[in-house]
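Notes for the one structure printed next.
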Amino acid sequence: MAGAFLCAPSAAASTSGLLDLTCTAPSSEATTYSPPLTPAPQDVTFSSTVQYGPCVSLSHPETESGSRSLRVLTPDRSCLTLLEAAVSHFTITWNTGQSSTISGSRTATVVGAALVVTITGNVTSGVFAGDSVVQTSTGPATDILACTLGLGSVSSVYSIVTLEITSL
């Protein structure tokens, strides 16, 4: 599905974009919730650390890895709100010391026993500015499914990440 999105021609251009950067496994995201998410909404501190790498880039071959982290207090969060669509803004710091700021939309779905979170958007500043972005995080949904049924809580989610940046 992501490949079809990346290769589809835009309405303004007659040619497809060029896949410029790919980060694959063992790229990962570790997310924690304090206190753990339950079915009842509560204020929760959301912490996330993402490690990108190995990464391969055509235009910036020196870019081999990156990272980002976030810690924020979010009001009225529950395991039910994990699947809501949201706006996403973050900055990746690359191994070169350069950075890319990304803005996009976040969707989350449960597919079988997996939580799949997809962020689609654009690099708004820094390296790869103007390029499109697709990031997919896939992790186990067991705790989330149990929580939505009122049978537990969600204290953390560990996901494997892929990141693709495509020049337009």
Side-chain angles (χ1 to χ4, degrees), residues 1-34 44-74 77 81-112 114-141 144 156-168:
M1 182 73 166
F5 171 77
L6 291 173
C7 295
S10 70
S14 61
T15 61
S16 298
L18 177 65
L19 183 60
D20 191 16
L21 176 120
T22 303
C23 300
T24 57
S27 298
S28 63
E29 180 172 11
T31 304
T32 59
Y33 305 96
S34 179
V44 174
T45 299
F46 163 86
S47 300
S48 174
T49 301
V50 182
Q51 298 293 326
Y52 299 97
C55 302
V56 177
S57 171
L58 295 175
S59 67
H60 298 279
E62 68 283 4
T63 303
E64 299 173 345
S65 63
S67 64
R68 67 178 169 97
S69 61
L70 172 69
R71 181 179 171 93
V72 63
L73 178 66
T74 55
R77 294 295 290 177
T81 62
L82 281 178
L83 301 178
E84 292 178 352
V87 174
S88 186
H89 302 283
F90 56 90
T91 299
I92 300 171
T93 302
W94 301 108
N95 64 291
T96 60
Q98 297 174 304
S99 62
S100 298
T101 300
I102 295 167
S103 294
S105 59
R106 174 193 176 277
T107 59
T109 57
V110 173
V111 179
L115 172 68
V116 180
V117 177
T118 304
I119 297 170
T120 57
N122 294 292
V123 179
T124 58
S125 65
V127 180
F128 308 109
D131 290 358
S132 66
V133 174
V134 176
Q135 177 181 298
T136 304
S137 302
T138 305
I144 297 162
S156 64
V157 177
Y158 180 83
S159 302
I160 298 298
V161 173
T162 59
L163 174 69
E164 295 180 339
I165 296 179
T166 303
S167 62
L168 300 177

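Note that these values count all heavy atoms, side chains included, but never hydrogens, waters or copies made by symmetry.
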Would Thr32 and Ser156 satisfy side chain to side chain donor-acceptor pair (under 3.5 Å), going step by step from the backbone distance to the final call?
CA-CA 4 Å; Thr32 59; Ser156 64; over 6 Å; no
Test side-chain contact (heavy atoms from CB on, under 4.5 Å) applied to Leu19 and Thr166, step by step
CA-CA 4 Å; Leu19 183 60; Thr166 303; 3.7 Å; yes
Considering all heavy atoms of both residues, which atom of Ser27 and which atom of Pro54 are nearest to each other, and what is their separation?
OG-N, 4.4 Å
Hey, what do you get for CG (Leu82) to OG1 (Thr31), rounding to the nearest 0.5 Å?
9.5 Å
Tell me which donor-acceptor pairs under 3.5 Å the side chains of residues 61-72 have, and how far apart each pair is, sequence neighbours excluded?
| unit_1 | atom_1 | unit_2 | atom_2 | d |
| --- | --- | --- | --- | --- |
| Thr63 | OG1 | His60 | O | 3.4 |
| Arg68 | NE | Tyr52 | OH | 2.8 |
| Arg71 | NH1 | Ser47 | OG | 3.2 |

Is there a donor in the side chain of Asp20 and an acceptor in the side chain of Ser167, or the other way round, less than 3.5 Å apart?
no
Tightest non-hydrogen contact, residues Ser28 and Val161, listed as C-CG2, 3.7 Å
Main-chain N/O of Ala85 paired to Thr107 side chain as donor or acceptor, under 3.5 Å:
no
Measuring from atom OG1 of Thr124 to atom CD1 of Ile102, what distance do you get when rounded to the nearest 0.5 angstrom?
8.0 Å
Mind telling me whether Phe128 and Trp94 have parallel, tilted or perpendicular rings, with 30° and 60° as the class edges?
perpendicular
Side chains of Thr162 and Thr24: any donor to acceptor distance under 3.5 Å?
no
Are Asn122 and Ser132 close enough, and set up right, to give a side-chain contact (heavy atoms from CB on, under 4.5 Å), and what steps lead you there?
CA-CA 4 Å; Asn122 294 292; Ser132 66; 3.8 Å; yes
Got a second to check how far Ser59's OG is from Asp131's CG, nearest 0.5 Å?
7.0 Å
For side-chain contact (heavy atoms from CB on, under 4.5 Å), just list the numbers for Thr74 and Thr81, CA-CA rounded to whole Å, side-chain angles, deciding distance to a tenth of an Å, and then say yes or no.
CA-CA 11 Å; Thr74 55; Thr81 62; over 6 Å; no
Can you tell me how far CZ of Phe90 sits from OG of Ser100, rounded to the nearest 0.5 angstrom?
9.5 Å
For Arg106 and His89, indicate whether the former's side chain and the latter's backbone hold a donor-acceptor pair under 3.5 Å.
no
Stepwise, does the side-chain contact (heavy atoms from CB on, under 4.5 Å) test hold for Leu83 with Leu115?
CA-CA 9 Å; Leu83 301 178; Leu115 172 68; 3.7 Å; yes
So Leu21 and Cys55, do their side chains get closer than 4.5 Å, heavy atoms only?
yes
Determine the sole option in Ser103, Ser137, Ser88 for which the side-chain contact (heavy atoms from CB on, under 4.5 Å) test with Ile119 is passed.
Ser88
Could you check whether any side-chain heavy atom of Val117 comes within less than 4.5 Å of a side-chain heavy atom of Val157, counting everything from C-beta outward?
no
